[in-house]
Amino acid sequence: MQYQSTRNSSVRVSSAQAISQGISQDKGLFVPTSIPVLTAEDIQDMCGMDYIARAKKVLGAYLTDFSDEELGACVQGAYQGKFEEDKVAPLSKVGENTYFLELWHGPTCAFKDVALQLLPYLLTTSAKKVVDGKKIVILVATSGDTGKAALEGFKDVENTSILVFYPEDGVSPMQKLQMTTQAGENVAVCAIEGNFDDAQNGVKAIFTDPVMAAKLEKHGMMFSSANSINWGRLVPQIVYYISAYCDLIADGEIKAGEPINVVVPTGNFGNILAAYYAREMGIPIAKLICASNQNNVLTDFIRTGTYDKNRVFHTSISPSMDILISSNLERLLYHLCGKDDKTLTSWMQALTEEGKYAIDPQMRAELQKVFWGGYCDDTATKNTIHEVFQKYSYLCDTHTAVAVNVYEQYVKETGDATKTVIASTASPFKFSSSVLDAIAPEKVDKNDFVTAERLSQVSGYAIPKALKELKDKQPRFDTCCTRENMEQIVLEMLHIQ
């Protein structure tokens with residue numbers, strides 16, 4: 001299996017090279033030259049496997065330059081004993097046809113853990129194959145959850161450093177505290193003035209700057225990424241959609257071959273793209289429902305075929321989705337346009353220069369065969385948290401609630417009663433003020449930890465240990481910079497003149 005750049009199809013690299021490098025030198029993203037297919041027999045066999053065995057099988061189809069022993073060590077290291085649930089990504093049935101795929105049972109209580117506990121193993125194994133001896137510098141832009149999950153995954157990993165940038169006023173208090181108190185000798189965190197798109201654009205610019213690359217080279221270092229622009233971050237996410245389908249069969253909820261729908265709350269498009277790859281591999285997903293908050297650039301794109309980031313940016317109670325430039329959409333477009341790298345590059349150039357681009361009507365029709373898009377605002381999000389808790393005693397975080405609300409819109413519009421998996425992406429206690437405000441607003445306190453305790457009392461849910469332990473930790477990092485100063489901050493963090 002080789003990987004090619006979305007902006008130059010003639011670029012071909014191994015999976016180890018793609019993971020080590022993170023992004024192509026031409027600013028394109030790496031995608032597999034072909035998508036492996038699971039047979040009905042493969043899926044049936046996987047129904048009898050645990051999550052670790054399923055992960056090894058799926059990853060083995062994509063990472064063909066890894067030996068069985070290497071893959072086994074990576075997957076065991078990532079998942080054995082690291083998650084509250086042995087299943088890693090368990091399903092909870094809520095209602096007649098709906099299942100929550102709970103992706104937040106890892107050490108930082110967010111779906112990013114499933115990939116970012118594994119990525120350090122994939123990256124260090126890859127680096128030994130293709131850049132042995134160089135120190136890997138992980139550069140991350142985060143809208144909240146990726147930063148902490150990446151810091152936790154890479155802390156004190158030999159021969160790596162990790163630097164995380166987050167929007168100063170664009171993450172929840174709990175998310176900020178998780179990052180700024182991070183332990184580890186090889187970690188650094190910096191806020192930036194601006195939003196997530198500013199952080200992401202800054203990181204991409206640093207990645208592809210030849211002057212910066214030369215400075216790192218001189219010191220025996222190279223950049224890589226823990227964002228979902230890195231294939232090594234995206235490929236582990238494919239596993240949990242396949243695993244969910246196998247669990248539905250194994251639990252007798254569906255018959256083998258029966259179609260399901262999947263709903264994903266998404267901003268950067270990586271999590272729903274992973275579901276798309278699972279579908280292309282042979283999992284019978286009828287519809288992928290893309291749920292957005294009021295930063296509804298993806299909803300508009302799916303409905304109209306025009307991607308236009310020229311709009312008001314909203315800071316919401318679902319901050320991990322406060323994004324107007326959805327990087328991973330580039331991968332989907334590359335597949336849908338028949339790997340026409342010139343057309344793809346022209347769209348990305350138009351996005352940079354004009355803030356928008358439009359696909360042709362035929363391609364829009366192909367997109368809409370698979371995807372349905374919807375959005376809701378903060379008020380609807382809180383109402384949904386309240387309704388789901390009242391009806392099912394199930395506590396949603398602010399991102400999962402967006403997915404539930406958009407799913408309800410979809411059912412109302414289409415009447416589709418297909419059994420549906422909803423990606424539940426974070427613990428409600430990461431957003432305790434907003435969640436408690438939805439179910440018992442009179443109990444919200446200015447102190448996030450008091451609020452979390454009250455949320456636990458009202459809901460009967462236990463506060464995850466990792467969040468409870470934050471209460472007595474002191475922040476280590478308090479730096480803030482502008483978008484223009486990010487390169488200088490990186491050099492200072494790495495002690496490079």
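None of these values were measured; they are calculated from a predicted model.
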Side chain to side chain donor-acceptor pair (under 3.5 Å) between Thr160 and Asn186, intermediate numbers included: CA-CA 7 Å; Thr160 69; Asn186 65 334; 3.2 Å; yes

Asp322 vs Asn295, side chain to side chain donor-acceptor pair (under 3.5 Å): CA-CA, chis, key distance, verdict: CA-CA 6 Å; Asp322 290 347; Asn295 293 296; 3.1 Å; yes

Verdict with supporting geometry, Asn485 and Thr482, side chain to side chain donor-acceptor pair (under 3.5 Å): CA-CA 5 Å; Asn485 289 344; Thr482 63; 3.3 Å; yes

CA sep, side-chain torsions, deciding dist, call: Gln349, Glu353, side chain to side chain donor-acceptor pair (under 3.5 Å): CA-CA 6 Å; Gln349 190 172 341; Glu353 294 173 0; 3.1 Å; yes

Glu469/Lys473 under salt bridge (Lys or Arg N to Asp or Glu O under 4.0 Å): CA gap, chis, key distance, verdict: CA-CA 7 Å; Glu469 289 174 346; Lys473 290 186 177 180; 5.2 Å; no

Stepwise side-chain contact (heavy atoms from CB on, under 4.5 Å) check, Phe301 with Tyr357: CA-CA 10 Å; Phe301 173 68; Tyr357 61 85; 4.2 Å; yes

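A donor-acceptor pair under 3.5 Å is formed between the side chain of Asp156 and the backbone N or O of Glu185. Between the Tyr121 side chain and the Gly77 main chain, a donor and an acceptor come within less than 3.5 Å of each other. No side-chain donor-acceptor contact under 3.5 Å links Ser432 to the backbone of Pro428. With hydrogens and angles disregarded, a donor-acceptor distance shorter than 3.5 Å links the side chain of Asn201 to the backbone of Asp197. The main-chain N or O of Gln175 is found under 3.5 Å from a side-chain atom of Ser172 such that the two form a donor-acceptor pair. Between the side chain of Ser143 and the backbone N or O of Ser320, at least one donor-acceptor pair lies under 3.5 Å. Within the 3.5 Å criterion, the main-chain N or O of Gln17 finds a donor-acceptor partner in the side chain of Ser14. For Ser243 (side chain) and Tyr240 (main-chain N/O), no donor-acceptor pair under 3.5 Å exists by modelled atom type. Checked by atom type and distance alone, the side chain of Ser228 never pairs as donor or acceptor with a backbone atom of Arg233 at under 3.5 Å. Under a 3.5 Å cut-off, the side chain of Ser316 and the backbone N or O of Ser318 do form a donor-acceptor pair.
For Lys204, the NZ atom sits in a packed shell: over 12 heavy atoms of surrounding residues, nucleotides or ligands are nearer than 6.0 Å. Around the OH atom of Tyr375, the shell of radius 6.0 Å holds no more than 12 heavy atoms that belong to other residues, nucleotides or ligands. For CG of Asp86, the number of neighbouring non-hydrogen atoms (other residues, nucleotides, ligands) closer than 6.0 Å is 12 at most.
Between Gln21 and Phe223, every side-chain heavy-atom pair lies at or beyond the 4.5 Å cut-off. Residues Lys471 and Phe449 form a side-chain contact, since some pair of their non-hydrogen atoms from C-beta on lies under 4.5 Å apart. Taking 4.5 Å as the limit, some side-chain heavy atom of Thr33 sits within range of a side-chain heavy atom of Arg12. Using a 4.5 Å cut-off on side-chain heavy atoms (C-beta onward), Ile23 and Asn230 make no contact. Here the side chains of Val264 and Ile289 are not in contact, with every heavy-atom distance at 4.5 Å or above. Val171 has its side chain out of reach of Thr142: every pair of non-hydrogen atoms, C-beta onward, lies at least 4.5 Å apart. Between Thr181 and Phe477, the closest side-chain pair of non-hydrogen atoms is not below 4.5 Å. Residues Tyr166 and Met179 are in side-chain contact: their nearest non-hydrogen atoms beyond the backbone lie under 4.5 Å apart.
Ring centers of His399 and Phe111: at least 6.0 Å apart, outside the cut-off. Taking the six-membered ring for Trp and the full ring otherwise, Trp231 and Tyr62 have centroids separated by under 6.0 Å. Ring-centre distance between Phe371 and Phe269: below the 6.0 Å cut-off. In summary, the aromatic rings of Tyr79 and Phe83 are positioned with their centroids under 6.0 Å apart.
Summarising the geometry, atom CD1 belonging to Ile43 is positioned 6.5 Å from atom SG belonging to Cys246; distances are rounded to the nearest 0.5 Å. Taking CD1 of Ile19 as the reference point, atom CG of Leu234 lies at 11.0 Å (rounded to 0.5 Å). Between the CE atom in Met212 and the CD1 atom in Ile206 there is a gap of 5.5 Å [rounded to 0.5 Å]. Separating the CG atom in Leu116 from the OG1 atom in Thr146 is a distance of 6.0 Å, to the nearest 0.5 Å. How far OH of Tyr241 is from CD1 of Ile283: 13.0 Å, rounded to the nearest 0.5 Å. Note that CE of Met221 is 6.0 Å distant from OG of Ser161, once rounded to the nearest 0.5 Å.
Closest heavy-atom contact between Asp198 and Arg483: O-CD, 3.3 Å. Taking both residues in full, the closest heavy atoms of Thr400 and Thr425 are given as OG1-N, 3.1 Å, listed atom of the first, atom of the second, then distance. Of all non-hydrogen atoms in Gly28 and Thr6, the two that sit nearest each other are CA-OG1, 3.4 Å. Shortest non-hydrogen contact noted between Cys480 and Glu193 is SG-CG, 3.9 Å. The shortest heavy-atom contact between Met222 and Ser20 is CE-O, 3.5 Å. Of all non-hydrogen atoms in Phe66 and Cys74, the two that sit nearest each other are CE2-SG, 4.5 Å.
By the salt bridge (Lys or Arg N to Asp or Glu O under 4.0 Å) test, Arg476 is found to be paired with no residue, residues two or more places apart in sequence or in another chain being considered. Partners of Lys430 by salt bridge (Lys or Arg N to Asp or Glu O under 4.0 Å), not counting sequence neighbours, listed by chain and number: Asp145. Residues passing the salt bridge (Lys or Arg N to Asp or Glu O under 4.0 Å) test with Glu487: none are found, sequence neighbours excluded.
Under 4.0 Å is where a charged nitrogen must lie from a carboxylate oxygen, and between Asp247 and Arg54 at least one such pair does. Of the charged side-chain nitrogens involved, at least one lies within less than 4.0 Å of a carboxylate oxygen, so that Lys57 and Asp42 count as a salt-bridged pair.
Residue pairs meeting the salt bridge (Lys or Arg N to Asp or Glu O under 4.0 Å) criterion with at least one partner in residues 325-350, sequence neighbours excluded, are Arg7-Glu330. Applying the salt bridge (Lys or Arg N to Asp or Glu O under 4.0 Å) definition to pairs two or more places apart or across chains, those involving residues 133-144 are Lys134-Glu217. A salt bridge (Lys or Arg N to Asp or Glu O under 4.0 Å) check over residues 68-83, counting only residues at least two apart or in different chains, returns the pairs Glu70-Lys129.
A donor-acceptor contact under 3.5 angstrom links the side chains of Tyr334 and Ser9, judged on distance only. Looking only at atom types and distance, the side chain of Glu492 has no donor-acceptor partner in the side chain of His495 under 3.5 Å away. A donor-acceptor contact under 3.5 angstrom links the side chains of Lys148 and Gln182, judged on distance only. In the model, Asn268 has a side-chain atom that pairs as donor or acceptor with a side-chain atom of Gln200 under 3.5 Å.
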